[in-house]
Enquirer: 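Below: one structure in structure tokens.
Every chain is numbered from 1, with letters handed out A, B, ... down the list of sequences.
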There are 2 protein chains.
Amino acid sequence: MIVTIKDVAKRANVAPSTVSRVIANSPRISEQTKKRVREVMEELGYHPNFQARSLVAKSTQTIGVVMPNSAYYAFQNPFFPEVLRGISTSAHENKYGIYLSTGSDENEIFNEVVSMVQGRRVDGIVLLYSRINDKTMKFLHDSNFPFVVVGRPFENEERISFVDNDNIYITKQVTKYLIELGHRHIAFVGGSLHFVVTIDRLNGYKLALEEADIPFNEEYMVHEEYIKENGREAIRLLMSLDSPPTALVTQDDLIAYEMISHLEDMNVSVPNDISIISFNNLMLSEHSKPPLTSVDICIYQLGLEATNCLIEKMNKPDSLPKRITIPTKFIERKSCKKKK
Amino acid sequence: MIVTIKDVAKRANVAPSTVSRVIANSPRISEQTKKRVREVMEELGYHPNFQARSLVAKSTQTIGVVMPNSAYYAFQNPFFPEVLRGISTSAHENKYGIYLSTGSDENEIFNEVVSMVQGRRVDGIVLLYSRINDKTMKFLHDSNFPFVVVGRPFENEERISFVDNDNIYITKQVTKYLIELGHRHIAFVGGSLHFVVTIDRLNGYKLALEEADIPFNEEYMVHEEYIKENGREAIRLLMSLDSPPTALVTQDDLIAYEMISHLEDMNVSVPNDISIISFNNLMLSEHSKPPLTSVDICIYQLGLEATNCLIEKMNKPDSLPKRITIPTKFIERKSCKKKK
DNA sequence: CTGAAAGCGCTTACAG
DNA sequence: CTGAAAGCGCTTACAG
């Protein structure tokens with residue numbers, strides 16, 4: 001029922017190897033033969049079997065995309081569809097397919113990646129997160145498999161290709177912006193410290209405080225885990241400190257929305273009573289009330305460049321690791337105000 | 001460098017076929033042999049080659065997910081990450097992988113699907129849209145390949161498995177709700193008439209008007225294409241009609257946000273001057289100003305059930321086509337008001 | 001309970 | 001310019 005290369009060969013009166021060469025458009029086959037074979041392929045509706053071709057060619061023309069904590073949770077965060085847009089564009093342009101991980105915890109993801117790599121299911125991998133002491137990244141690095149990280153690797157930074165924003169710098173700038181508006185009580189909200197992105201942003205935040213001679217206050221750090229558990233309580237506690245913050249640096253717009261909504265319930269107005277600045281510049285940030293001041297980290301570009309870089313690496317396995325920094329844009333809207 | 005079944009066989013002093021049987025956990029192999037072979041597999045870090053296995057087993061354990069108009073655009077609409085969440089969950093539970101389409105126009109998608117099917121790259125397909133006269137769906141149907149549609153097929157409805165909401169009914173209800181609030185000038189905004197979902201919703205809308213003896217007014221139909229081109233102008237035109245609408249049924253929350261934002265610029269207040277009701281109940285609908293009255297169409301469920309259904313179909317190719325209707329929830333918030 | 005052999009559908013030296 | 005043969009890494013009748 002399925003037509004194979006042999007069927008085409010028989011019908012066109014050539015050997016299977018000739019058909020194969022026509023598919024590959026080998027210059028060693030005469031135009032006449034090519035034409036005839038192509039006509040037969042068309043006539044029979046022939047399409048090369050992907051598995052057979054991959055098996056012998058040792059290439060799948062497929063990129064594996066690995067998300068943290070399963071697609072299930074990941075897709076709740078608009079970051080991931082947006083990087084995927086970038087990845088998809090580059091993959092499509094370069095005629096690669098996309099294979100998506102679905103593992104739902106660290107171990108599952110690790111096992112998935114191992115079998116993708118060892119089982120040669122994909123030619124390369126885009127890792128969409130960077131976690132501290134991540135065995136998946138370590139495995140990829142140790143097995144010398146082509147991969148690119150979106151985010152800064154925690155270890156072996158100079159030996160791994162990655163695409164990232166300069167999170168330390170931009171968070172420093174953003175915190176400085178708040179300081180220049182007169183704020184001295186600035187909290188840092190959200191982000192799990194297991195991820196390098198949080199560590200970097202926290203460091204940028206600290207650097208700005210340091211430069212302004214503002215002491216770092218442990219109470220001003222609200223952890224992701226706590227927010228997830230009870231966001232309302234987290235912000236209530238923060239606001240009931242002896243000297244509550246007058247400004248917030250939040251890890252992403254999603255958390256910012258949540259905070260704004262809880263603050264409203266507490267009759268704390270943004271930006272009149274408290275300023276908020278965040279990251280990612282999601283589509284809705286423009287339409288929210290108040291419109292969010294946010295850093296556009298160019299998520300689409302992160303995905304696009306990561307994939308371009310990966311494809312380059314797959315073509316030249318011996319090329320040196322590459323670090324690509326995607327510039328960001330500070331989008332000033334209405335969620336920050338001079339301190340009264 | 002890559003360890004194959006032969007390496008394991010040699011090291012374990014058995015035949016490759018025995019190793020293969022151990023992988024498949026065949027009951028015909030002694031526990032003792034299994035143990036030994038498994039130890040060797042562990043020791044050598046053996047993982048079966050995916051392509052080789054698929055080639056002979058004629059199964060890839062992979063589901064193809066086909067989006068309309070490329071992942072590039074699709075991921076701008078929160079609908080798609082959310083269905084993907086559902087798909088991913090079911091796929092993962094059933095140990096299937098996900099292969100994502102990336103084609104950027106109708107023809108590319110069609111060719112992609114043909115080569116997925118003929119090239120046996122996937123075992124089944126979830127089609128994430130239903131368009132009128134769609135050659136991709138026709139091809140899938142004609143080739144008798146396992147597939148499930150999210151949405152109602154335009155043709156061959158009783159011969160194709162699909163998962164959908166009852167769009168006619170719910171849109172009728174929603175329109176009735178507006179009518180009961182006293183509105184008689186109700187516009188229908190957005191949605192391309194090439195998609196069956198729009199046709200169904202439009203019909204539901206018309207049914208409600210009919211029942212209330214309100215004539216259908218062509219001027220009250222604002223097409224998707226026009227909104228995309230110039231949303232501001234579209235709503236301006238609508239509001240400058242002799243009798244402008246006092247209520248809007250919009251195709252999805254995204255369009256509703258856009259409309260609200262333009263209306264605001266025109267000093268038209270929602271819901272005081274105009275009521276808006278929409279579909280999808282995106283995460284942000286709750287936090288928008290005003291909070292949107294919307295129909296929760298349970299996008300996640302659509303993806304989950306579609307995939308479950310597909311997997312069932314792949315296991316029993318001769319099972320009858322199935323139609324699954326996902327119930328919806330009407331979420332009343334603050335974007336609708338009694339007509340003054 | 002295990003092995004030798006054939007074969008899945010391709011590609012690619014090798015030969016002519 | 002084209003073909004016959006070997007082989008990619010598996011699985012699965014068939015035989016014992």
Enquirer: Relative to the 5' end of DNA chain C, which residue comes earlier, Arg36(B) or Ala24(A), by the nucleotide with the nearest heavy atom?
Expert: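 Nearest nucleotide further toward 5': that of Arg36(B).
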Enquirer: Would you please confirm or rule out a distance under 4.0 Å between OP1 or OP2 of dC1(C) and any side-chain N or O of Thr33(B)?
Expert: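 It does not, given that no N or O in the side chain of Thr33(B) lies less than 4.0 Å from OP1 or OP2 of dC1(C).
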Enquirer: Figure out the CD/P separation between Gln61(A) and dT11(C), and round it to whole Å.
Expert: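 Nearest whole value for this atom pair: 13 Å.
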Enquirer: To the side chain of Ser17(A), which of dA13(D), dT2(D), dA5(D) is closest?
Expert: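 It is dA5(D).
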Enquirer: Just how far, in rounded Å, is P of dG3(C) from CG of Asn13(B)?
Expert: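 So the CG-P distance, Asn13(B) to dG3(C), works out to 9 Å.
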Enquirer: Counting heavy atoms from C-beta on, name the nucleotide in dC1(D), dT11(D), dC14(C) closest to the side chain of Arg21(A).
Expert: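 Nucleotide nearest to Arg21(A)'s side chain: dC14(C).
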Enquirer: So do the side chains of Ile5(B) and Ile23(B) get within less than 4.5 Å of each other, counting heavy atoms only?
Expert: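 In contact.
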Enquirer: Under 4.0 Å, counting only non-hydrogen atoms across every strand here, what does Tyr46(A) touch: a base, just sugar-phosphate, or nothing?
Expert: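 Tyr46(A): backbone/sugar contact only, no base atoms under 4.0 Å.
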Enquirer: Which nucleotide in the set dT11(D), dT2(D), dC10(C) lies at the smallest distance from any side-chain heavy atom of Val56(A)?
Expert: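 Looking only at heavy atoms from C-beta outward on Val56(A), the closest nucleotide is dC10(C).
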Enquirer: Expressed as a whole number of angstroms, how long is the span from Leu55(B):CG to dC8(C):P?
Expert: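 Leu55(B) atom CG is separated from dC8(C) atom P by 9 Å.
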Enquirer: Let's see if you can work this out: which of dT12(C), dC14(C), dC10(D) has an atom nearest to the side-chain heavy atoms of Asn49(B)?
Expert: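 Per side-chain heavy atoms of Asn49(B), the pick is dC10(D).
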Enquirer: Taking atom P of dG9(C) as reference, at what distance in whole Å does atom CD1 of Ile23(A) sit?
Expert: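 From Ile23(A) CD1 to dG9(C) P: 14 Å.
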Enquirer: Specify the separation, in whole Å, of atom CD of Gln32(B) and atom P of dT2(C).
Expert: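 Computing the Gln32(B):CD to dT2(C):P distance gives 8 Å.
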Enquirer: In whole Å, what is the span from the NZ atom of Lys6(B) to the P atom of dG7(D)?
Expert: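 Whole-Å distance recorded here is 8 Å.
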Enquirer: Using whole Å, report how far CG of Asn25(B) lies from P of dT2(C).
Expert: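 For the pair Asn25(B) CG and dT2(C) P, the rounded distance is 13 Å.
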Enquirer: Hey, which of these two, Pro48(B) or Ile29(A), hits DNA chain D nearer its 5' end, going by closest nucleotide?
Expert: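 This one resolves to Ile29(A).
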Enquirer: From NZ of Lys34(B) over to P of dC1(C), roughly how many Å is that when rounded to an integer?
Expert: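 From Lys34(B) NZ to dC1(C) P: 9 Å.
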Enquirer: Base, sugar-phosphate alone, or nothing: which one does Ser30(B) contact when heavy atoms must sit under 4.0 Å apart?
Expert: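 The residue Ser30(B) makes sugar-phosphate contact but no base contact.
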Enquirer: Consider the side chain of Arg28(B), meaning its heavy atoms from C-beta on, and name the nucleotide among dT2(C), dC8(C), dT12(D) that approaches it most closely.
Expert: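 That would be dT2(C).
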Enquirer: Can you check whether Thr18(B) has a side-chain N or O nearer than 4.0 Å to OP1 or OP2 of dC1(C)?
Expert: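 No, outside the criterion.
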Enquirer: Using the side chain to side chain contact (heavy atoms under 4.5 Å, CB included) rule, pick out the option among Val197(A), Val66(A), Val149(A), Val150(A) that qualifies with Tyr129(A).
Expert: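 Of the listed options, the one satisfying the test is Val66(A).
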Enquirer: Are Lys35(A) and Glu39(A) ion-paired here, with the side-chain N under 4.0 Å from a carboxylate O?
Expert: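 Between Glu39(A) and Lys35(A) there is a salt bridge, with a charged N closer than 4.0 Å to a carboxylate O.
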Enquirer: Does Arg53(A) get its side chain close enough to the base of dT11(C), under 3.5 Å, for a donor-acceptor pair?
Expert: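 Answer is no: no donor-acceptor pair is held.
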Enquirer: Determine, stepwise, if the pair Asp7(B) / Arg11(B) fulfils salt bridge (Lys or Arg N to Asp or Glu O under 4.0 Å).
Expert: CA-CA 6 Å; Asp7(B) 301 320; Arg11(B) 179 82 152 238; over 6 Å; no
Enquirer: Would you mind telling me which of dC10(D), dC8(D), dC8(C) lies closest to the side-chain atoms of Ile5(B)?
Expert: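 For the Ile5(B) side chain, the nearest candidate turns out to be dC10(D).
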Enquirer: Check this one for me: any side-chain N or O of Lys58(A) less than 4.0 Å away from OP1 or OP2 of dG9(D)?
Expert: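 Checking dG9(D) against Lys58(A), a side-chain N or O does come within under 4.0 Å of OP1 or OP2.
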Enquirer: For dC1(C), give the paired nucleotide (Watson-Crick: N1-N3 plus N6-O4 or O6-N4; G-U: N1-O2 and O6-N3; both under 3.5 Å), or none.
Expert: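 Partner of dC1(C): dG16(D).
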Enquirer: Out of dG9(D), dG7(D), dT2(D), which nucleotide sits closest to the side chain of Thr4(B)?
Expert: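 When the side chain of Thr4(B) is considered, dG9(D) is the closest of dG9(D), dG7(D), dT2(D).
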Enquirer: Under 4.0 Å, counting only non-hydrogen atoms across every strand here, what does Val14(B) touch: a base, just sugar-phosphate, or nothing?
Expert: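 Answer is sugar-phosphate: Val14(B) comes under 4.0 Å of backbone atoms only.
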Enquirer: Is it the case that the side chains of Arg121(B) and Thr62(A) hold a donor-acceptor pair, with the cut-off being a distance below 3.5 Å and no angle test?
Expert: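 On atom types as modelled, these side chains qualify, holding a pair under 3.5 Å.
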Enquirer: Would you call Glu82(B) and Arg85(B) a salt bridge, using N to O less than 4.0 angstrom?
Expert: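 Yes, charged N to carboxylate O under 4.0 Å.
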Enquirer: Between dG9(D), dA4(C), dC1(C), which one does the side chain of Ala15(B) approach most closely?
Expert: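 Of all the options, the side chain of Ala15(B) is nearest to dA4(C).
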